[in-house]
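Structure record follows, encoded as structure tokens.
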Number of protein chains: 2
Amino acid sequence: MVTLAEVARHAGVSASTVSYVLSGKRSISAPTRERVEHSIKELGYHPNAGARALASSRSNILALMVPLRTVYVPVMMEIAIAVATTARSHGYDVLLLTGEEGPAAVRRVTGSGLADAMIVMDVELEDERLPLLHAARQPTVLIGLPADTVGLTCVDLDFTATGALCAEHLAELGHREIAVVGEAAAVYERHTGFAERTLEGLRRRAGELGVRLLHRPCEGSYESMDGTLSRIFDERPGTTGFVVQNEAAIDPLLSLLRRQGRAVPEDVSVVAVCPEQVATQASVRLTSVAIPAEEMGRRAVELAVAKLAGQPLEEQVTLLAPELTVRASSGPAPGTS
Amino acid sequence: MVTLAEVARHAGVSASTVSYVLSGKRSISAPTRERVEHSIKELGYHPNAGARALASSRSNILALMVPLRTVYVPVMMEIAIAVATTARSHGYDVLLLTGEEGPAAVRRVTGSGLADAMIVMDVELEDERLPLLHAARQPTVLIGLPADTVGLTCVDLDFTATGALCAEHLAELGHREIAVVGEAAAVYERHTGFAERTLEGLRRRAGELGVRLLHRPCEGSYESMDGTLSRIFDERPGTTGFVVQNEAAIDPLLSLLRRQGRAVPEDVSVVAVCPEQVATQASVRLTSVAIPAEEMGRRAVELAVAKLAGQPLEEQVTLLAPELTVRASSGPAPGTS
DNA sequence: CATAGTCGTCGAAGCGCTTCGACACTCCTT
DNA sequence: AAGGAGTGTCGAAGCGCTTCGACGACTATG
């Protein structure tokens with residue numbers, strides 16, 4: 001284990017000089033710097049993280065709280081990877097916390113100085129971790145939007161606008177009866193904001209445009225999709241447009257529609273809210289609003305880093321504008337000229 | 001920020017006593033212990049992670065290297081969650097490293113004492129991180145099997161046995177021509193061991209049982225599955241059994257078979273190698289060999305913790321025995337009495 | 001040419017914790 | 001009654017780093 005002191009001795013300078021070479025917090029003459037850097041390389045020196053954290057009260061670690069329940073997995077994974085990658089590019093490592101511990105994890109991390117900042121995913125509208133995060137002196141960034149965002153920094157897709165966009169697209173194509181294949185009932189019970197906001201956007205815009213909307217939650221398995229689909233067509237036989245919010249339900253829906261002899265997009269149009277990859281790999285290339293997982297992760301880290309650098313953040317809530325990409329799953333409503 | 005010293009003062013004992021109460025490394029009388037514990041609670045004390053790491057040269061952190069490339073996502077996510085959860089139950093936190101940095105990340109973590117041990121996923125047969133891991137004084141556990149396992153601790157599903165099991169199951173049902181829908185070509189190029197070992201197990205057992213085997217890689221999209229399927233039936237029109245290794249190819253395969261009017265399991269049988277959840281949620285409940293992601297993650301952590309505790313590990317390579325669950329996608333070959 | 005300012009370096013004082021040896025007891029043992 | 005063997009607690013010495021103030025050596029200024 002090579003220490004700073006050994007590097008200093010090897011280079012013939014004091015320990016503090018080596019430290020300043022490393023941090024760049026004071027100017028060091030070129031020859032000295034080179035000598036030190038050479039010694040560092042030669043000895044294979046790596047600063048000890050613990051000592052550094054203790055002395056500077058900075059750990060250079062970002063904590064990321066992911067949900068334990070493994071719903072909408074690909075999005076979560078993509079965000080996590082984006083967070084890890086972006087964090088590294090800013091000199092931070094990422095500590096992975098599962099939601100399991102809940103508030104206790106927040107207390108532990110903020111109390112122990114393990115991490116410099118927290119990024120919290122899967123925020124519920126009335127999240128029990130919120131009061132703690134408020135109280136902590138650590139910067140926090142939420143991915144998702146709680147009910148009350150006062151004093152919080154949040155990043156999320158603008159799901160209300162997303163819903164509106166989907167409604168608009170289908171209305172423009174002449175669809176008059178739209179069914180929303182929602183998330184599993186459990187998601188609504190937990191009051192995860194995004195599901196409700198999407199629905200709200202859909203409802204409002206559909207109302208404005210004179211389109212009838214029917215919402216049904218769906219677990220995402222073939223069985224449940226089958227049931228949901230039957231109930232939808234029983235209740236609203238004239239349904240020609242679908243908005244799918246539950247990623248897992250996409251394949252079952254397409255499969256079942258095909259089996260029922262309903263052609264996409266000739267008989268029914270489908271719009272999905274999902275990552276690009278899912279939209280392009282489905283059996284029909286899906287018209288979709290992308291969930292910009294990578295961007296959300298990246299932005300969250302950038303906001304956290306900015307806060308750590310002491311930059312006052314002008315906007316506390318960053319809502320990413322949704323973009324609808326038209327692909328092969330949506331077209332004019334039947335009977336439209 | 002409450003410190004150990006403040007707790008000590010509050011409880012009327014010395015700092016070292018508080019430390020021993022916390023660690024349990026020396027016996028403390030019941031009344032003293034209670035007094036200290038009470039002070040800890042009252043002051044809301046949390047030991048500072050950096051100071052602890054510095055003084056004890058233990059960070060209580062496990063590093064987990066996940067692959068950057070987002071292939072076979074659900075498995076990865078499940079392993080990661082299992083690692084995080086199990087680690088917490090042993091008092092460890094998890095540092096998330098992406099494969100992106102490769103060997104540099106290994107150097108950084110082992111050099112800086114950031115983590116006490118490493119768990120590496122997505123190991124290639126001739127992984128470039130291996131030499132470094134060998135040299136590091138940190139315990140390491142691999143999830144996956146490299147070519148040379150001497151001196152390494154590894155956990156993996158026994159993919160050779162998995163392949164053999166699939167071949168056996170189909171052979172027993174009377175299938176004489178089997179097609180293997182493999183992973184994307186890139187996976188083989190990277191020499192990720194599991195794909196090749198599965199194939200080897202399949203080939204050997206098929207050979208022993210007199211079954212013809214055709215292996216074709218597949219990207220997992222509908223287009224590529226379509227192409228792969230055509231080529232398979234062109235080349236071997238008598239194919240009645242499928243083994244699917246690529247999780248992403250499952251839905252496309254079932255969908256396409258249905259479209260071609262081939263019934264599962266009446267005309268063709270399908271056996272998948274995938275997590276249970278995927279097998280039970282597909283449009284046909286799949287006969288499958290489960291990938292025990294949760295167990296792999298858990299075992300990896302347990303091995304790492306055992307190594308940290310200085311326990312000599314009797315078995316260096318832990319191969320989990322595959323289990324084949326018969327569901328609705330496999331049945332007797334057509335024409336079998 | 002004295003004075004102020006800048007630059008580059010050093011020494012020392014911690015950061016908050018763990019851990020080792022020491023010490024004062026109490027309780028057996030002989 | 002004296003010696004030995006635990007117990008329970010304390011003090012002090014670090015762990016390896018950052019950072020502050022100090023200081024000598026220059027350069028610019030009037």
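Chain letters run A, B, ... following the sequence lines, proteins first and then strands; every chain starts at 1. Computed from a prediction, not measured in an experiment: that's the story for all the values here. As a basis for the values below, the full set of heavy atoms in this structure was taken, side chains included, without hydrogen atoms, waters or symmetry mates.
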Are any of [X]'s side-chain N or O atoms less than 4.0 Å away from OP1 or OP2 of [N]?
X       : N      : value
A/Lys25 : D/dT19 : yes
A/Thr17 : C/dC10 : yes
B/Arg52 : C/dT18 : yes
A/Ser14 : C/dC10 : yes
A/Ser27 : C/dG8  : yes
A/Ser56 : D/dT18 : no

Please state how far atom [atom1] in [X] lies from atom [atom2] in [N], giving the value in whole angstrom units.
X       : N      : atom1 : atom2 : value
A/Tyr20 : D/dC20 : OH    : P     : 7 Å
A/Asn48 : D/dC15 : CG    : P     : 12 Å
A/Leu4  : C/dC15 : CG    : P     : 19 Å
B/Leu54 : C/dT18 : CG    : P     : 11 Å
B/Arg33 : D/dC10 : CZ    : P     : 14 Å
A/Met1  : D/dC15 : CE    : C1'   : 12 Å
A/Leu22 : D/dT19 : CG    : P     : 12 Å
B/Arg58 : C/dT19 : CZ    : C1'   : 15 Å

Quiz item: Can you find a donor-acceptor pair, distance only, under 3.5 Å between B/Tyr45 side chain and C/dC17 base?
Solution: no

Practice problem: Determine whether any donor atom in the side chain of B/Arg26 lies under 3.5 Å from an acceptor atom in the base of D/dG6, or the reverse, and answer yes or no. | Solution: no

Quiz item: Considering the options A/Met65, A/Glu101, A/Gln138, which one meets the side chain to side chain contact (heavy atoms under 4.5 Å, CB included) requirement together with A/Val106?
Solution: A/Met65

Self-check item: A/Val141 and its side chain to side chain contact (heavy atoms under 4.5 Å, CB included) partner, picked from A/Leu64, A/Val305, A/Val155, A/Val120
Solution: A/Val155

Practice problem: Using distance alone, with no hydrogens and no angle criterion, decide if A/Thr192 and A/Arg190 have a side-chain donor and acceptor under 3.5 Å apart. | Solution: yes

Quiz item: Will you find, in the side chains of B/Thr153 and B/Gln316, an N or O donor that is under 3.5 Å from an N or O acceptor?
Solution: yes

Quiz prompt | Candidates D/dT9, C/dC17, C/dG8 - which lies nearest the side chain of B/Ser29 | solution = D/dT9

Identify whether any heavy atom of [X] sits under 4.0 Å from a base atom; if not, whether one sits that close to sugar-phosphate; answer base, sugar-phosphate or nothing.
X       : value
B/Ser19 : base
B/Ser16 : base
B/Ile28 : sugar-phosphate

Quiz item: Between the main-chain N or O of B/Asn60 and the side-chain N or O of B/Asp116, is there a donor-acceptor pair closer than 3.5 Å?
Solution: yes

Practice problem: For the pair B/Arg88 and A/Glu100, find out whether any cationic side-chain nitrogen is under 4.0 Å from an anionic carboxylate oxygen. | Solution: no

Exercise. Take B/Ala30 and A/Ala51, find for each the nucleotide of DNA chain D with the closest heavy atom, and name the residue whose nucleotide sits nearer the 5' end.
Key: B/Ala30

